Amino acid sequence: MSGTLSVVGLGPGPERWITPEAHEALEAATDLVGYRTYLARLAPKPGQRVHDSDNGDELMRARHALSLAREGAHVAVVSGGDPGVFAMAAAVFEAIELGPPELRALDVRVLPGVTAMLAAAARLGAPLGNDFCAINLSDNLKPWHVIERRLTLAAEADFAIALYNPASRARPEQVHRAFALLRAVRDAATVVVFAKAIGRPDEEVHVTTLGAADPGFADMRTLLLFGASTTRVLERPGRAPWVYTPRRVEDERA
Ligand code: SAH
């Protein structure tokens, strides 16, 4: 089998946030596979075959990509952000695990990209400067009670939290439930950031507090950041504030 499969991260939006390695893989590909919205960001080369699909079944998309590679194609499976963060890379390995043993002989590579939480954090300053966790609020692939438990425990442990997929047309209510959970655990003064369409022309960053935030502002292009108790907002006259979380955590038991 001489085909190859690269799982490529396109970053959150702008061309200059795509790594040179990812560019090379996209150039070298005979076949591009991915969700329509991500593929639309690329200009396919003449002769390159484009296999777009709806956002639906990632496992089916992964199987299709693997079968193309088995036939000798050089396949690039594209994801937004980083392909390993709530995206296609895990679907590819699941398809390999469940598929015929020959798939394990394939040359499969994962090429990292800038994930949304890091792009958003960079815009703000350094909100993820201390311990943090990332939680996907979508219950498409996991039970809601698991999400609730993880959110609550992360809040109790005082992690900064990056919340991916906070809302969509099909799931408008869950972000309100997530806020209710966090409000039960964290101080109302906790810093909250809505980072919308980071790196895109319609980028919007909204810094507020857990007490004052309107969860309804979140949509499917928003990454939500909840600060730790130590996260600070540095106001600047006439400009957007900086947000950072100090490296140091004081020993309250000392
Ligand atoms: N693999 C992607 C995440 C896919 S999940 C990555 O690493 O970034 C999709 C979610 O990512 C969206 O619902 C949103 O929460 C977040 N996201 C993706 N692109 C974004 C952007 N440009 N600005 C803000 N959030 C974004």
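Atoms within each ligand, like the ligands themselves, are counted from 1 in listed order. Everything numeric here is computed off the predicted structure, so don't read it as measured data.
Protein residues with any heavy atom under 4.0 Å from ligand 1: P12, G80, G81, D82, V85, F86, A87, T115, A116, Y164, N165, P166, A195, A197, I198, M220, R221, T222, L223.
Separation of atoms CG (D139) and CH2 (W144) is listed at 6.5 Å; rounding is to 0.5 Å.
A donor-acceptor pair shorter than 3.5 Å can be found between the side chains of H51 and D31.
Using a distance-only test at 3.5 Å, with no hydrogens or angles considered, a donor-acceptor pair links the side chain of R183 to the main chain of L210.
Within a 6.0 Å sphere centred on CZ of R177, heavy atoms belonging to other residues, nucleotides or ligands number more than 12.
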> Can T245 and N130 be said to form a side chain to side chain donor-acceptor pair (under 3.5 Å), step by step?
Replying inline: CA-CA 6 Å; T245 308; N130 209 301; over 6 Å; no
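When the salt bridge (Lys or Arg N to Asp or Glu O under 4.0 Å) test is applied to R123, the partners found at least two apart in sequence or on another chain are E203.
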